[in-house]
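Worksheet: one structure, shown below.
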Amino acid sequence: MTHLTLYVTDDCCLCDSALALLAAARAPEFRSVFIEEDPVLAATYGWRVPVLHDARDAQELDWPFDLAAVSAFVHRSPD
């Protein structure tokens, strides 16, 4: 089961950069969720996207992040 979710919006250059960083970090499988399809997600993440969420321990990595931060986040052991 996929434990990583990337919260994004449509036509978002920062979200595109986040996707590229996830690929470069060789992140495990993740799902992308477009927040504008859900009013609660839009209210929660609207100004923060892209946000990477780990369901194993509810930790989140907010933008801005770089390759080192993404790699450390996706390859860590949950608490």
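FYI, side chains are in, hydrogens and waters are out, and symmetry mates aren't considered; it's all heavy atoms of this structure. Please read these numbers as outputs of a predicted model, since none were measured by experiment.
Panel note: side chain His75, backbone Ala27; no donor-acceptor pair is recorded below 3.5 Å.
Side-chain contact annotation: Thr5 with Arg31, donor-acceptor N/O pair under 3.5 Å present.
Contact check for Val33 versus Leu41: side-chain heavy atoms found under the 4.5 Å cut-off.
Looking at residues two or more places apart in sequence or on another chain, you find a side chain to side chain contact (heavy atoms under 4.5 Å, CB included) between Glu60 and Tyr45, Arg48, Val51, His53, Asp62.
One finds the CG atom of Leu61 at 9.0 Å from the CZ atom of Arg76 (value rounded to the nearest 0.5 Å). Atom CD of Glu36 and atom SG of Cys12 lie 9.5 Å apart (nearest 0.5 Å). Residue Thr2 holds its OG1 atom at 11.0 Å from CG of Asp54, rounded to the nearest 0.5 Å. Taking CZ of Phe73 as the reference point, atom CD of Gln59 lies at 6.5 Å (rounded to 0.5 Å). Atoms CH2 and SG, from Trp63 and Cys15 in turn, are 8.5 Å apart once rounded to the nearest 0.5 Å. Rounding to the nearest 0.5 angstrom, the gap separating the CZ atom in Phe34 from the OH atom in Tyr7 is 13.5 Å.
Cluster annotation: Leu52 is connected to Leu19 through the hydrophobic network of ILVMFWY side chains, with a link wherever side-chain heavy atoms come within less than 4.5 Å. The hydrophobic clustering, which links ILVMFWY residues whose side-chain heavy atoms are closer than 4.5 Å, places Leu14 and Val49 apart.
When the shell of 6.0 Å around CG of Asp10 is examined, it contains more than 12 heavy atoms from other residues, nucleotides or ligands.
The one candidate from Leu6, Leu21, Ile35, Thr9 that meets the side-chain contact (heavy atoms from CB on, under 4.5 Å) condition with Pro50 is Leu6.
Taking Ile, Leu, Val, Met, Phe, Trp and Tyr as members and joining any whose side-chain heavy atoms lie under 4.5 Å apart, directly or through other members, Val40 forms no hydrophobic cluster with any other residue.
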